[in-house]
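Accompanying notes for the structure given below.
Note that the structure is a prediction, hence the values are computed from the model and not measured. Values below: all heavy atoms of this structure, side chains included; hydrogens, waters and symmetry mates excluded. Each ligand, and each atom within it, is numbered from 1 in the order the structure gives.
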Amino acid sequence: MSGQHRCKHCDLVFDSKKSQNAHVIFAHKTTSPTIKKVLILGGGFGGVGVLKEIQKRVSDKEVSITIVNEENYFLFTPMLPEMAAGVIHPSNIAIPIRKFCKQAKFYQAVVSDINLNERLVTITRTFDGKVHALEYDYLVLSLGSQNNFFGNKNMEDNSFTIKSIEDGIALKNHAITMMENAAQTGDEDLQKRLLTFAVVGGGFAGVETIGELNHFIRQSVKHAYPTIDSKNITPILISARGGILPEVGEKLGNVAMKYLQKVGVNIVTNTKAVGASEAEIKLDNGGSIPCSTIIWAGGVAIDPVISSINCEHENGGRIKVNKFLQNPCNPNVFALGDCAAIKDEKNGKYYPPTAQHAIRESKVVAKNILESLKGGTKFQEFSYKSKGMMATIGNRVGVVSIFGKNLSGVTAWAIWRAYYLANLPTLEKKIKVATDWTIDLLFERDLTLVGKIKKKELQQFHLGAEMPSLKEQLFADL
Ligand SMILES: Cc1cc2nc3c(=O)[nH]c(=O)nc-3n(C[C@H](O)[C@H](O)[C@H](O)COP(=O)(O)OP(=O)(O)OC[C@H]3O[C@@H](n4cnc5c(N)ncnc54)[C@H](O)[C@@H]3O)c2cc1C
């Protein structure tokens, strides 16, 4: 019946919008229905970028913003290989998400279900596994990507990865442990095996990791392990392609390859790693390499919570978006970063999954949500030509492709540092990382092995009694 306003939570009917709003606030303890809800899933480059841009333009009286992330921090991944090699302290490349939340609400939780029909997202609290439901008017999907082992269980069980802070810490601890073990054996073969580390994947993550690790181990052996013969240090990079670093182009990729070979990295191209055990890695050419460390940077996949959403997908389960970064059938749903399939209209190719692109995309997503919030239809199209790409390859050497020019060596390394330091969020972390870099120039790397950390489980600890139903929880503002 016209002129009637039905509460969507309990079906009560009101004769004015005002009394319906008052009812929703008091009876259901939720925000006024006139306040639009923006829900951001993922606190990486894409999600935090959208959060920061929207917060600049709206007040909490107009829009309620919520962000969900599995960890309570944003991770600055380009500095992860340096962290794994002991240059930067782990917490200096991570920024608590609450630091970005001027008005937004933050949940440290795992996104476990996304229901576009009901506009409902289910999250599972990290610390006790309890579920909670969140509703939205605008949904931002920015859950990044996960390691992809292509179903190879042996590889998954026997390799390290380089995607999280824990990965970086584990890798550094393992490298130190291998040096300590190698220093205590006079057996040449065993020492070589302990100091052979194979990195699978010739992209950013793999190349930067082998470059930094090679430098870390060689320098540490030189300064602290007199019983290790440096000839036994055998870093190996395995690339399925003909070259490495496709992100910076063929010419610069070759420069990086030559440099790495010069400093003692063995590069195996056109080869796939197909199997692994604790003691060796198997290759698709039938060969195998005895080693005690395998690091997998050989591919990424999309979180199943994204690929199982009932909407259009493309490019390995990524969310299909139009040029405004909206899912075509759900214009209130935006996707960006590694989990979105964003096509460059000019050449029909997908934009690459990089931090640089996720940051740019976040500005467009934020602009378009703001435009929609004010009832406008002048959406901004996403179009971006990368100004350049760069990578560090260890020992104060970098490769940079910028404004069509190629640079390598110490100048490229200095540009890399200046660029990424400028992009690292918060002044506090910039100062801390700059200090870590300065310390690294003046002193040898810290070889303290911080292991065996005792973990206390809180199994008897409950937050509240019985959990209400998902729908009820919507109204119980935590
Ligand atoms: C080692 C390494 C080095 C790199 N170097 C560079 C570089 O030099 N330059 C460059 O441009 N790019 C680089 N990249 C790529 C870059 O990190 C990604 O392209 C970028 O992070 C993508 O941003 P995003 O927001 O899509 O995802 P992310 O930044 O990965 O953020 C996704 C967030 O979602 C969270 N999340 C995922 N699933 C769930 C879930 N179910 N529930 C709750 N939270 C969840 C994750 O924990 C994460 O915080 C590098 C990547 C790695 C791993």
Side-chain angles (χ1 to χ4, degrees), residues 39-51 67-85 93-95 97 106-114 121-126 134 140-147 160-168 171 199 201 203-213 245 247-248 295-309 318-319 335-340 342 351-362 365 386-393 398-400 416-417 419-420 423-424:
L39 177 56
I40 302 169
L41 306 182
F45 284 93
V48 165
V50 174
L51 171 71
I67 179 162
V68 182
N69 197 59
E70 190 168 354
E71 301 83 23
N72 85 332
Y73 55 79
F74 158 85
L75 179 63
F76 197 75
T77 45
M79 289 180 184
L80 197 53
E82 278 194 303
M83 189 225 105
I93 60 165
I95 297 99
I97 289 179
F106 170 61
Y107 289 94
Q108 188 193 356
V110 173
V111 176
S112 36
D113 187 54
I114 300 168
V121 169
T122 310
I123 60 173
T124 306
R125 278 197 314 226
T126 314
L134 300 169
V140 177
L141 300 170
S142 48
L143 290 176
S145 54
Q146 300 180 334
N147 291 305
F160 289 85
T161 47
I162 181 83
K163 201 107 175 81
S164 66
I165 286 225
E166 290 82 359
D167 289 346
L171 205 49
V199 175
F204 267 140
V207 172
E208 294 193 332
T209 302
I210 195 96
E212 293 296 339
L213 220 53
L245 277 184
E247 296 93 336
V248 296
I295 302 155
W296 178 260
V300 292
I302 298 312
D303 190 322
V305 80
I306 288 284
S307 43
S308 63
I309 300 176
R318 289 169 176 81
I319 303 288
L336 71 160
D338 288 8
C339 74
I342 307 172
Y351 283 105
T354 73
Q356 200 183 110
H357 285 84
I359 293 169
R360 291 285 159 167
E361 289 151 17
S362 70
V365 168
S386 167
K387 307 260 177 317
M389 277 292 165
M390 45 191 137
T392 50
I393 43 182
V399 285
V400 168
W416 185 96
R417 284 207 161 174
Y419 175 81
Y420 282 110
N423 277 285
L424 179 70

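Between Ala297 and Ile162, the shortest heavy-atom contact is CB-CG2, 4.2 Å. Of all heavy-atom pairs between Ile302 and Asp338, the closest is CD1-O, 3.5 Å. When all heavy atoms are compared, the tightest approach of Ser362 to Gly49 is OG-CA, 3.5 Å.
Using a 4.0 Å heavy-atom cutoff, Val68 is absent from the residues neighbouring ligand 1. Ser362 does not count as a contact of ligand 1, since none of its heavy atoms falls under 4.0 Å from the ligand.
Aromatic ring orientation, Tyr420 versus Phe76: perpendicular (interplanar angle above 60°, classes split at 30° and 60°).
When each atom of ligand 1 is checked for a heavy atom of Pro353 under 4.0 Å away, the hits are 19 (O). Close approach of ligand 1 to Val110 is summarised as follows: ligand atoms under 4.0 Å from at least one heavy atom of the residue are 41 (N), 42 (N), 43 (C). Distances below 4.0 Å separate heavy atoms of Glu70 from the following atoms of ligand 1: 43 (C), 44 (N).
If you look at Thr354 next to ligand 1, the close heavy atoms, those under 4.0 Å, come from the backbone and the side chain alike. Using a 4.0 Å cut-off between heavy atoms, Ser142 contacts ligand 1 through its backbone alone, with no side-chain atom that close. Heavy atoms of Gln146 found under 4.0 angstrom from ligand 1: none, in either backbone or side chain. With a heavy-atom cut-off of 4.0 Å, Ser112 does not touch ligand 1 at all. Proximity of Pro78 to ligand 1, defined as any heavy-atom pair under 4.0 Å, is shared by backbone and side chain alike. Under 4.0 Å from ligand 1, the heavy atoms of Tyr420 that appear belong solely to its side chain. With a 4.0 Å heavy-atom cut-off, ligand 1 is reached by the side chain of Phe204 but not by its N, CA, C or O.
Scanning the protein for heavy atoms near atom 30 (O) of ligand 1, the closest one is Gly144 CA, 4.0 Å. Among protein heavy atoms, atom 46 (C) of ligand 1 sits closest to Asn69 OD1, 3.7 Å. For atom 50 (C) of ligand 1, the closest non-hydrogen atom on the protein side is Thr77 OG1, 3.9 Å. At the top of the distance list for atom 19 (O) of ligand 1, counting protein heavy atoms only, stands Asp338 OD1, 2.9 Å. The nearest protein atom to atom 45 (C) of ligand 1, hydrogens excluded, is given as Leu143 CD2, 3.5 Å; this is a heavy-atom distance. Scanning all protein heavy atoms for the shortest distance to atom 25 (O) of ligand 1 gives Gly46 N, 2.8 Å. Annotation: atom 12 (N) of ligand 1 to nearest protein heavy atom, Ala355 N, 3.1 Å. For atom 31 (O) of ligand 1, the nearest protein heavy atom (residue, atom name, distance) is Gly44 CA, 3.2 Å.
Under a 3.5 Å cut-off, the side chain of Glu212 and the backbone N or O of Glu82 do not form any donor-acceptor pair. Remark: side-chain polar atoms of Ser145 are not paired, donor with acceptor, to backbone N or O of Ala301 under 3.5 angstrom. A distance-only check finds a donor-acceptor pair linking the side chain of Thr126 to the backbone of Gln108 [under 3.5 Å]. With hydrogens and angles ignored, the 3.5 Å screen pairs a side-chain donor or acceptor of Ser112 with a backbone N or O of Thr122.
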Requested in this report: Take Gln356 and Ser386, measure what side chain to side chain donor-acceptor pair (under 3.5 Å) needs, and give me the verdict at the end.
Outcome: CA-CA 8 Å; Gln356 200 183 110; Ser386 167; 2.8 Å; yes

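A 4.5 Å side-chain heavy-atom check between Ile295 and Leu213 finds at least one atom pair inside the cut-off. Residues Phe45 and Pro78 have side chains in contact (heavy-atom distance under 4.5 Å, counting atoms from C-beta outward).
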